[in-house]
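First comes the structure, then the notes that go with it.
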Protein chains: 2
Amino acid sequence: MAYTISEAARLMSVSPSTIRYYDKEGLLPEVKRQNGIRMFDEVDFGWLRLLMCLKKTGMPIKRIKEYVELSKKGDATLLERYELIRAQRQFVQDQIEQLEYYMEELDFKDWYYRKALEIGSEKAIDYNEYEQETGHKKP
Amino acid sequence: MAYTISEAARLMSVSPSTIRYYDKEGLLPEVKRQNGIRMFDEVDFGWLRLLMCLKKTGMPIKRIKEYVELSKKGDATLLERYELIRAQRQFVQDQIEQLEYYMEELDFKDWYYRKALEIGSEKAIDYNEYEQETGHKKP
DNA sequence: ATAACCCTTAAAGTATACTTTAAGTCAAGG
DNA sequence: CCTTGACTTAAAGTATACTTTAAGGGTTAT
């Protein structure tokens, strides 16, 4: 099955112009055309899914393009691509850890406002109660 | 203790001009000055830490400013601020889940390239082996 | 006192990632 | 036949978050 750009866009939850932009930037190798019109098949959706994965995990478009260029060169670049994926994996792990760290700060703020709303004011909050009540350290 | 902008910047791992930009945008209430020069005390560092937390968890500067404005209005805005923090907590949780989802895709790619390097080519990879070898589903 | 060095501002510049616009092509339906 | 609607391109525009530049001020060391 092959899809037009607007169908592909809908399936990937992005706009058609975004896909055109990705294509123009060389992030989508091998998009076939019928009468000049892009037709997206399963291979293209594979690329789109990987593209979204890398994008959503914070990889800049330039770097994704590097990965695509490496892929086009075939087996000679397997190690380079492996290392790029490993680096991205590490990057995602670091991001998750960072978010979990900041979540503690938001948990404290959550407690803080619950307490303030209970008392009716934030001026009289006793921070020591946070550790006592939640067992968590104040960040 | 009070610090100059470059000391504060070093302590927060940002550039002095970034802090000036935040100040100009109204993200730092109550920064005192000596002879026109900003002096950062513990209260300011509290704001800077919260600012970094919200920024690093993806809140746009405009929204952070809204939060700061609400804070300046005092106890009358406690509920609004509570809801803003709750929304950000949810947002962070969603982000973590999304990253964990994409991590599975990267785990598959990791396996894929290990396998390809082992065989010497990516052409002969049998995807069925992924589930057999790792116990994880192919994403 | 004069150079070094840190601070100040406003305004312009940069980077990234789209998004919109303008002008045009092509196939299908009334 | 011609209008409708989806596609095409190149180029310009937008949003966000800084970063850099230019011009200047005040304290300290030589």
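Order of the sequence lines sets the chain letters (A, B, ...), proteins ahead of strands, with each chain counted from 1.
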Report summary line: Applied to residues 91-103 of chain B, the side-chain hydrogen bond (donor to acceptor under 3.5 Å, both in side chains) test, sequence neighbours excluded, yields Q90(B)-D94(B)
**Report entry** Residue that, paired with L54(A), satisfies side-chain contact (heavy atoms from CB on, under 4.5 Å) out of V68(A), L27(A), I64(A)
**Finding:** I64(A)
Query - Spacing of E25(B) atom CD relative to dT16(D) atom P, expressed in whole Å - result: 11 Å
Query raised in the report: Hey, does the side chain of Y22(B) come within less than 4.0 Å of dC18(D)'s phosphate (OP1/OP2), counting only N and O?
Result: yes
Report task. Pull out every residue in residues 42-72 of chain A that has a heavy atom closer than 4.0 Å to any atom of DNA chain C, ordered by number, or say none. Result -> K55(A), P60(A), I61(A)
Query raised in the report: Among all residues two or more places apart in sequence or in another chain, which pass the ring pair (Phe, Tyr, Trp, His ring centres under 6.0 Å) test with Y82(A)?
Result: none
Report task. Give the B/S/- string for nucleotides 24-29 of chain C, one per nucleotide from 5' to 3', where a protein heavy atom under 4.0 Å of the base yields B, of only the sugar-phosphate yields S, and otherwise -. Result -> ---S--
**Report entry** salt bridge (Lys or Arg N to Asp or Glu O under 4.0 Å) partners for K72(B), two or more places apart
**Finding:** E69(B)
Requested in this report: Would you mind reading off the distance between I19(A) atom CD1 and dC7(D) atom P, rounded to a whole angstrom?
Outcome: 11 Å
Query - With D44(B) via salt bridge (Lys or Arg N to Asp or Glu O under 4.0 Å) - residues at least two apart - result: none
Query raised in the report: Does a side-chain N or O from T18(A) land closer than 4.0 Å to OP1 or OP2 of dT19(C), or not?
Result: yes
Query raised in the report: With sequence neighbours left out, what residues match W47(B) under ring pair (Phe, Tyr, Trp, His ring centres under 6.0 Å)?
Result: none
**Report entry** Nearest-angstrom distance from the residue atom CD of Q34(B) to P of dT28(D)
**Finding:** 12 Å
Query raised in the report: Can you list the residues that meet the salt bridge (Lys or Arg N to Asp or Glu O under 4.0 Å) rule with K32(A), with sequence neighbours excluded?
Result: E30(A)
**Report entry** Results of ring pair (Phe, Tyr, Trp, His ring centres under 6.0 Å) for F45(A) - residues two or more places apart only
**Finding:** Y3(A)
Report summary line: Taken in chain and number order and not counting sequence neighbours, the residues that satisfy ring pair (Phe, Tyr, Trp, His ring centres under 6.0 Å) with F91(A) are none
Query - salt bridge (Lys or Arg N to Asp or Glu O under 4.0 Å) partners for E83(B), two or more places apart - result: none
Requested in this report: Measure from the side-chain N and O atoms of D75(A) to the backbone N and O of E122(B), and report whether any donor-acceptor pair falls under 3.5 Å.
Outcome: yes
Report task. Sugar-phosphate means primed atoms, P, OP1 and OP2; the rest is base. With that split, encode nucleotides 6-12 of chain C 5' to 3' as B, S or - using protein heavy atoms under 4.0 Å. Result -> SSBB---
